[in-house]
Amino acid sequence: TDLFDRPTPELLATTMTNGDGENTASVVLPLRTGGARPPLFCVHPGGGFGWCYAGVPRMLGAGRPVHAFQARGLDGRPDAILPGTLGEMAADYLGHARELQPTGPLHLLGWSLGGVVAHAMAVEAQRRGWEVGALIMLDSYPAPDLGADVRAAVGDFADIEALTAEAIGPGLTAGQLLGRGGEDGDGRAEAVLRRVVTNNLQLLGGHRPGVFHGDALLVPAGLEPVPGGPRSRWAPYVTGELTVAPVRSTHGELLAAERSEALGEVLRNWLGRGH
């Protein structure tokens with residue numbers, strides 16, 4: 001069944017804590033658990049949360065389980081160990097994917113930072129001899145030259161309103177996002193988010209992508225041109241057919257409800273080709 005029939009910010013806020021008021025920012029967020037088709041694994045964007053994919057099950061139609069990966073450290077534990085490289089993150093999520101799906105080809109999707117992680121997961125899966133059935137990158141691009149620009153990028157992402165909007169949508173505070181209400185809770189939640197996001201962007205800046213030997217789908221946000229063109233950014237790292245299917249959207253609105261019909265059609269058509 002779908003976890004959310006109507007994934008509004010208000011409804012999501014009520015699901016972010018368990019009965020004891022503890023936050024439930026687990027590494028794996030199940031969005032749909034039922035279905036006979038291979039599951040689709042969605043990787044969080046820079047904000048770390050997987051709630052942004054709450055509408056994906058409905059975009060795909062019935063029959064395919066959907067799980068989202070969420071960044072480590074969102075539980076706010078002071079001793080939480082964050083991944084040291086993007087490759088470590090990819091290997092961590094691959095382990096969870098294989099626990100949920102012990103056999104068969106893996107189907108991977110990621111938006112923003114998540115697309116780069118999904119690509120790294122696909123590369124590592126092939127290195128281990130595992131088949132990758134689908135690799136989908138939503139307005140996501142490698143940044144091997146980000147390097148010194150990480151600090152400036154972190155400054156942009158450290159805006160908590162922008163972080164919560166990316167993770168779920170507008171209308172929630174950092175405290176609500178992490179299941180911690182009140183002024184003090186909001187302050188602690190903001191510190192948790194900044195730590196996770198800073199680490200995520202540092203991993204992106206230090207990552208040098210491997211090569212994926214297979215077909216991939218790239219969905220650019222068509223309202224925001226990519227210097228050099230979207231295809232050129234991934235061409236060195238994908239040896240199979242790279243399908244580029246823009247959706248008329250900005251980066252931040254690509255997964256919004258207003259874009260769900262167009263994005264859903266792209267995803268269903270591509271997955272329907274046997275991926």
Side-chain angles (χ1 to χ4, degrees), residues 29 31 40-56 59 66-74 82-83 86 89-90 93 108-122 134-146 149-150 152-170 177 193-194 196-207 209 212 216-227 230-231 233-234 237-238 244-260 262-263 266-267:
L29 175 67
L31 297 174
L40 179 66
F41 296 103
C42 305
V43 186
H44 61 81
F49 283 92
W51 302 101
C52 55
Y53 299 111
V56 169
M59 291 185 199
V66 180
H67 302 277
F69 292 119
Q70 305 192 115
R72 291 197 177 273
L74 292 174
L82 305 186
L86 194 140
M89 178 183 286
Y93 299 163
L108 308 170
L109 176 149
W111 169 52
S112 194
L113 168 76
V116 180
V117 181
H119 177 272
M121 292 174 67
L135 173 59
I136 303 170
M137 300 167 291
L138 305 180
D139 204 44
S140 175
Y141 305 98
D145 301 320
L146 186 59
D149 296 330
V150 168
V154 169
D156 292 338
F157 274 80
D159 184 291
I160 295 302
E161 288 187 6
L163 278 177
T164 55
E166 182 190 49
I168 290 182
L177 191 62
L193 285 175
R194 284 197 177 95
V196 169
V197 171
T198 299
N199 188 67
N200 285 344
L201 291 180
Q202 288 174 337
L203 299 188
L204 177 63
H207 180 62
F212 172 65
L217 171 65
L218 174 62
V219 182
L223 295 180
E224 298 181 356
V226 177
R231 185 181 300 277
R233 299 286 295 276
W234 278 112
Y237 312 114
V238 176
V244 180
V247 168
R248 186 173 176 79
S249 171
T250 63
H251 175 78
E253 294 178 342
L254 190 55
L255 285 166
E258 294 79 4
R259 308 289 181 241
S260 63
L263 179 58
V266 170
L267 297 179

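Throughout, numbering of the chain's residues begins at 1 and tracks the sequence. Note that the coordinates shown come from a computational prediction; the quantities given were computed from them, not determined experimentally.
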Chemist: Rounded to the nearest 0.5 Å, what separation is found between the CG atom of Leu82 and the CG atom of Leu203?
Modeler: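 Nearest 0.5 Å value for the CG-CG distance: 8.5 Å.
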
Chemist: Output yes when a side-chain donor or acceptor of Arg248 lies under 3.5 Å from a complementary backbone atom of Leu223, and no otherwise.
Modeler: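 Here the side-chain-to-backbone pair does not exist.
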
Chemist: Determine yes or no for a side-chain-to-main-chain donor-acceptor pair under 3.5 angstrom, with Asn199 supplying the side chain and Pro83 the backbone.
Modeler: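 A pair under 3.5 Å: yes.
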
Chemist: Search all heavy atoms of Arg233 against all heavy atoms of Pro142 and return the closest pair with its distance.
Modeler: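 Result for this residue pair: NH2-O, 3.2 Å.
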
Chemist: Can you name the closest pair of heavy atoms from Ala245 and Val219 and give their distance?
Modeler: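 Smallest interatomic distance, heavy atoms only, reads O-CG1, 3.3 Å.
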
Chemist: How close do Ala262 and Val247 get, heavy atom to heavy atom, and via which atoms?
Modeler: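 Scanning both residues, the minimum pair turns out to be CB-CG1, 4.1 Å.
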
Chemist: Taking all heavy atoms of Phe49 and all of Leu193, pick out the closest pair and write down the distance.
Modeler: CE1-CD2, 3.6 Å

Chemist: Say you draw a straight line from CG of Leu217 to CG of Leu138; how long is it, rounded to the nearest 0.5 Å?
Modeler: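 Rounded to the nearest 0.5 Å, the CG-CG separation comes to 7.5 Å.
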
Chemist: One pair to check against side-chain contact (heavy atoms from CB on, under 4.5 Å): Trp234 and Val116. What are the steps and the verdict?
Modeler: CA-CA 10 Å; Trp234 278 112; Val116 180; 4.2 Å; yes

Chemist: Please assess Leu218 against Val238 for the test side-chain contact (heavy atoms from CB on, under 4.5 Å), listing each intermediate value before the final yes or no.
Modeler: CA-CA 11 Å; Leu218 174 62; Val238 176; over 6 Å; no

Chemist: Glu224 side chain to Thr250 main-chain N or O, any donor-acceptor pair under 3.5 Å?
Modeler: no

Chemist: Check the pair Leu267 / Leu109 against side-chain contact (heavy atoms from CB on, under 4.5 Å), numbers first and verdict last.
Modeler: CA-CA 10 Å; Leu267 297 179; Leu109 176 149; 4.2 Å; yes

Chemist: So how far is it from Leu86 CG to Met121 CE, rounded to the nearest 0.5 Å?
Modeler: 10.5 Å

Chemist: Using the side-chain contact (heavy atoms from CB on, under 4.5 Å) rule, take Asn200 and Met89 through it: C-alpha gap first, then chi angles, then the decisive distance, then the call.
Modeler: CA-CA 10 Å; Asn200 285 344; Met89 178 183 286; 3.4 Å; yes

Chemist: Any donor-acceptor pair under 3.5 Å linking the side chain of Tyr53 with the backbone of Val43?
Modeler: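 Indeed, once roles are kept as given, a pair shorter than 3.5 Å links the two residues.
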
Chemist: Which heavy atom of Gly115 sits nearest a heavy atom of Ser140, and at what distance?
Modeler: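 Where Gly115 meets Ser140 most closely, the heavy atoms are CA-OG, 3.1 Å.
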
Chemist: Taking the six-membered ring for Trp, are the ring centroids of Tyr93 and His44 within less than 6.0 Å of each other?
Modeler: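 Yes, close enough.
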
Chemist: Using the six-membered ring wherever Trp is involved, compare the ring planes of His119 and Tyr237 and label them parallel, tilted or perpendicular (cut-offs 30° and 60°).
Modeler: perpendicular

Chemist: Minimum heavy-atom separation for Pro230 to Val244, with atom names?
Modeler: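 Looks like CB-CG1, 4.4 Å.
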
Chemist: Roughly how far apart are Trp111 CH2 and His251 NE2, rounded to 0.5 Å?
Modeler: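 The distance works out to 5.0 Å.
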
